[in-house]
Structure formats: structure tokens, C-alpha cells
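Keep in mind that what you see is a predicted model, and the values were worked out from it rather than measured.
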Number of protein chains: 2
Amino acid sequence: MRKLPPLGSLRAFEAAARRLSFRDAAAELGVTPTAISHQIRILEEICGRPLFRRRPRPLALTDAGERLFPVIRNGFDTFASVVTAVSAKTARTTLRVTSPNAFASRWLVPRLPRWRKLYPQIRLEIIGTDAVLNLRAGDADLAIRYARTMPTDLAAREIFRDSFFPVCSPALLSEGGPAITRAADLLHYPLIHYDWLNGDREAPSWSRWLAVARSVDPDIPAATEHWDLSFREEIHAIDAVAAGQGIAICSDVVVSHEIESGALVKAHDLALPGYGFYVVHVPDHPRQASIEAFAAWMRSVA
Amino acid sequence: MRKLPPLGSLRAFEAAARRLSFRDAAAELGVTPTAISHQIRILEEICGRPLFRRRPRPLALTDAGERLFPVIRNGFDTFASVVTAVSAKTARTTLRVTSPNAFASRWLVPRLPRWRKLYPQIRLEIIGTDAVLNLRAGDADLAIRYARTMPTDLAAREIFRDSFFPVCSPALLSEGGPAITRAADLLHYPLIHYDWLNGDREAPSWSRWLAVARSVDPDIPAATEHWDLSFREEIHAIDAVAAGQGIAICSDVVVSHEIESGALVKAHDLALPGYGFYVVHVPDHPRQASIEAFAAWMRSVA
DNA sequence: TCGCTGGATGAATTGGATTCATCTAGACTG
DNA sequence: CAGTCTAGATGAATCCAATTCATCCAGCGA
């Protein structure tokens, strides 16, 4: 028998974890912060352990919370998506695009004005979620999938591939830290890690990057247990990097906006190979033309 | 901005869709049928279309309902699973096994007494769900995955493979229907279909079976639009077959219990190749011994 | 040291979910 | 065909669980 916690507490938790603020979560749900506090307390009692570390501030998720969050978030994303898809006439003129969370917020959204200028007649709905929506069922018209190889289950084309570099805030380097001239120098700074949702063992990570760097710079110790800061969510990790809390291995595509604006800089030039970004859709989609336009546009602004 | 329907209505819907009865759903949730009715009405108003076809009886899901159901169900399954996993020590002596829904209820559960007899000291918790749980995150200890080829992201071993046959209730044939001596005779009966959750275009289906049968029996018409009964859920389809409503293409493994007991019979001997059942777990799992025992047991009772 | 922000806590309140009572469609029975 | 039974619909009344209010406390910055 399935034992489901009160759903209200899950909704409160999801909003609070996403915004890392009870206040903002309360505003989003149209209630007072007190209500959020109570709901999360209920969930914490069910789990038998705290989900947030409230002090010292700022608010942060505990390990248990980090574990819960992506699942609950994806679930709600998916619920919202199917219900919208099932609902009578969801403005069938908009192209519904889904992409991974980090890509949506870091790459897609900042460039949407350019899209709008080029194709003002094609409205986009961006569904940023790490849940894998079912295109065949119509949960979205087009998906941007992030994978090592081309998806084979649907019509797909590769738009571009990324590489992974160590990146950090320029402030981190200028504020009197040791200069970085060689790979080993990176180890003087906090290293920021984040998990990959998929179980790719080959995924770019500090341990892989350091292994490659070691072949160039033998001074790098073989077993660096240097887990200074670890996040379950790529977006949280990037926020931490931008805030100058350390250096992370990031996709140059995902942080390209920050690199261009100077908010982040490459800390070293050694790159790990990354993944492909694929535009995926059902074959013979009724709005093939819009899909073509979108794929072409993505490639053009790469 | 994500537009989420009231979660209570989703819970009511999920229970009602799973049991195909407002009454039973109400009993499960510990409320009166009236409450279920109200909640589902709310969800139907949000979707702008009915989710259940109430009359004529029996209760059935509409297309929109069929579309919603698996997603909501998987979401709740996953929620329950992570919350349990996160909760303080869930009796760490039990081996948590997840498998696809149909396999859990049709194959695994009926054979559990045998397991219990052999390994009374190893307690099992069966999490039957079509959602893909995250073993690395500890949502379960062991997964039975159903796939064309061996999963590569975790330690896996093939337990057995299945084949797909047309099966039906013996009552269907004995009740004066035309005898089945060749493939074309099957077309005199209602054909029962069900969707595959994964997007496998090569998945065993009536159209594939008939295509193969046509090479033996050219009398089978090429384009048979014979969609008599269609289900989104394999379990529902099997229930319909057992109730004598028609013939379906079923996995011999999933219905093996019904075949042995005589509740179902093969309607024809032509088989389609199926998939493999894989026992999957994280490498170097702390309870490797239990996992070995389980894999060995599964193979032995195949 | 003093504000200021953001969250915790417990009692009081309220509004939305549930129930009650009643009604109807369809299925089964003889 | 009545006659009966099951399962769900409907609308008003009820009630309890979630929310708010009022207050308190910890951390942070000036």
C-alpha cells in the first residue's frame, strides 16, 4: 500500500526549495509564510528528519531535501504539462517547447527576445523541466534533448555540442586569491560539484577533469577528496559559482550568456568533451514549419 | 507560470482511474464516494472535458482520462517512493524491489509465497510502478527492467526473455465462436490492444503480429482497421482478456500464471520476439548477497 | 548596539472539502 | 416487464484542517 504524504506539504516544499525562501514560496502560492512553515514542518515530521537547514542563513536544503526536491519538482512539472495538454484548446497556435531546466533558464530565455524579433507570429511556450515529457502523447510539440548521441525514438537533429570548462566569477580571482597559471592552482579554490540526473558515469565532473589534467600536470594529487560544495541542481551550482563561492565544471553552452557578459570567466582552458543538444519532435508533426524555423534559429544564435 | 490543478482532485482521480470505481477509490482514501465525485468534477471543469465515461456502465476513462492517468499515477508512485526512501531508516533489512506494474502484479506477487518459503529471513518490499526509479539515489535496492537490450548504466543481468502470443479466455472460444485453426480466424473475434509506455515502434502489437502472420496465411487482409478495444494500461487489457472480451497479444511471461491455471489460453502458436527482463542494481551494493539470491530465485522459478 | 529581515510557534479563525439526504440511470432477477 | 439493487450525481449543511494572527527569536549588517 502506497503511503503518500499530504500533497499540500509537497507543494509547499517544492516552492520553498525552488526559491530557497519561505517568503517567496508563500507569495507564489498566495499564502502567508507561516502556512509554508507549517506545511514543511508536517513533511519533515513524516520524513523524520529536517528538509531545510534554516540556520545559519541563507536557507538551504539538507541532503534529504536535495534528494526530494528534483523528484517532486519533476512530478509537478509533468502534472502541469499533461493537464495543460489535455485541457480543451490550449491556444493551438503556440509552439510548446520543452528543454532541461538549466538550458531553459540560462540559454533559451535570455535569447527569446531575438526569437520574438525574427518570428513574432510564432508564439512559444517554454516548459523548462528535467522531466522527460511524452511528445507522442502531445505533452509538448518540440523537445530539446541533451544526450551523448542522437535520440532514435523520434525525429531528431543535432543543433550543437558543448564542452566543459572550469568556470568561476572574475571576482573570485581578483580578490587576492592565488593566480591560476596551471591546473594544480585550481585546487587552492573551493571546487563546486553537482550531480547529473541521468546516471552517466562518463559525465563531466571534477574527478574526470582532474584526471585529464593530471596527464599534463603530474603535480595534481591522484586522490583529491575536495568536496567543498555539492549541489543536486545544476542551476543552484551555477548560482553559487556566479556568487563567487568557487569553481565548477560547466557546459560552455549553458553558461555562454554569463561568459559573454563577463559574469563568469573560464578558469582554465582544458576542456572535457560534452553532449549534443538535439531538437526532437514526432515525425510529420502538423507544425513542421514552425519546428524547422525553431531548429534553424537555435543553430544560428549558437 | 506553471498552472497546477488542486492536488486533491488529482489524488481522487488517480485512485478512481486505478480502480475504475468511485466507490473503491473512496474506500481507499477513507472518504465517501461523494467526495470523489466532487473532486473529479473539479478536475473535469479545469480540463474542460470529461475524464470518465460514467454511462453506460461500467465506468471507463475517456481519452483525456486515459492520457492523464499514467502520468499522475507514475508521479504519485515516484513521490511515495522517494519520501519513503528519504524517511528515517525504512527498516533497512528489507530488500526494496521495483518492477513494471504488470509484471509486479501478474508475475511477481503470485510467486512471492515461494520466495518467502526459500528466504524467510529476507523481507521484500515490492514497488510496482512504470515510473523509472532512481537506484543511485536509493529509491529502491533492485529494479527489474524490461528492455530490448541490457541496461548499461548500472550493474545488470538478464534473467529471462519473453515472447508474445495471442491469448484469450477459454470461455471465449467455447461459447460458440468460430474455431481457430489458422491465423485469419482470429479476426472473427474482437482484438484487444494496449499502448506501450515507451515509444518503441518495434513493440509487439496486433499490426506487427498480423504482418508476420500474413507471410504464412495470405488470406489475412493487409489493412485491418480492427481497433475493437484499446487500453492504455496493460493491466486493464489483460483484465479484459480474462473477462472474455477478446484476444490480445500478450507477453508469455506476464500471463504465465493465467496460462498455467487455465484462466487464459494461447489462441495461436505464432510468436513475436519480446524483451529481456533484467535485474539491475548499483555496483557494489551493500546487500549484494540478497540481490544475488533474488536474481537466482527469479531465474529458478521462470 | 540597534534595527531589519525572515523564519518559528501556538492559539484562533475560516473557507473549502466532506458529508448527508435525496435523486437518477442502468443492470440484474424472476 | 415491474421490482430491486448498485453506483454515481447533485446541492445544502457541516466541520475540520489549513491558514492567519500575534508574538517571539536568530542571524546579519550598519
Is the distance from OP1 or OP2 of [N] to the nearest side-chain N or O of [X] less than 4.0 Å?
X: A:Arg23; N: C:dG6; result: yes
X: A:Gln39; N: D:dT19; result: yes
X: A:Thr32; N: D:dT19; result: no

Applying side-chain contact (heavy atoms from CB on, under 4.5 Å) to A:Ala248 and not counting sequence neighbours gives A:Ile192, A:Val241, A:Cys250

Taking only residues two or more places apart in sequence, or in another chain, which ones meet A:Arg11 in a side-chain contact (heavy atoms from CB on, under 4.5 Å)?
-> A:Leu29, A:Phe76, B:Leu7

N/O donor-acceptor pair under 3.5 Å between A:Ser37 side chain and A:Pro33 backbone |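 Not at all, since once roles are kept as given, no pair shorter than 3.5 Å links the two residues.
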
Under 3.5 Å, which protein N or O atoms sit close to an N or O of nucleotides 9-16 of chain C? Give each pair with its distance.
| unit_1 | atom_1 | unit_2 | atom_2 | d |
| --- | --- | --- | --- | --- |
| C:dT9 | OP2 | A:Arg41 | NE | 3.4 |
| C:dT9 | OP2 | A:Arg41 | NH2 | 2.8 |
| C:dG10 | O6 | A:His38 | NE2 | 3.3 |

Minimum-distance nucleotide to B:Phe22 side chain [options: C:dT18, D:dG8, D:dT19] | D:dG8

Where the side chain of B:Arg54 is defined as all heavy atoms beyond and including C-beta, which of C:dT19, D:dG8, C:dA8 is the nearest nucleotide?
->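 Of the candidates, D:dG8 comes closest.
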
Nearest whole angstrom, please: distance from the [atom2] of [N] to the [atom1] of [X].
X: A:Ile40; N: C:dG7; atom1: CD1; atom2: P; value: 9 Å
X: A:Leu59; N: D:dA26; atom1: CG; atom2: P; value: 17 Å
X: B:Leu20; N: D:dG8; atom1: CG; atom2: C1'; value: 14 Å
X: B:Ile36; N: C:dT19; atom1: CD1; atom2: P; value: 9 Å
X: A:Arg11; N: D:dA18; atom1: CZ; atom2: P; value: 11 Å
X: A:Arg53; N: C:dG6; atom1: CZ; atom2: P; value: 16 Å
X: A:Arg19; N: C:dG7; atom1: CZ; atom2: C1'; value: 17 Å
X: A:Leu29; N: D:dA18; atom1: CG; atom2: P; value: 14 Å

Answer whether the closest heavy-atom distance between the side chains of B:Arg73 and B:Asn101 falls below 4.5 Å.
->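 A side-chain contact under 4.5 Å exists here.
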
List the residues meeting side chain to side chain donor-acceptor pair (under 3.5 Å) with [X], not counting sequence neighbours, and say none if there are none.
X: A:Thr62; answer: none
X: B:Gln39; answer: none
X: A:Glu258; answer: A:Arg106
X: B:Ser256; answer: B:Arg111

Listed by chain and number, what are the salt bridge (Lys or Arg N to Asp or Glu O under 4.0 Å) partners of A:Arg23, not counting sequence neighbours?
->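 With neighbours one apart ignored, the set is empty.
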
Per the end-axis method with five pairs at each terminus, what is the bend angle of the helix from C:dT1-D:dA30 to C:dG30-D:dC1, to 10°?
->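 One end's axis against the other's: 30°.
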
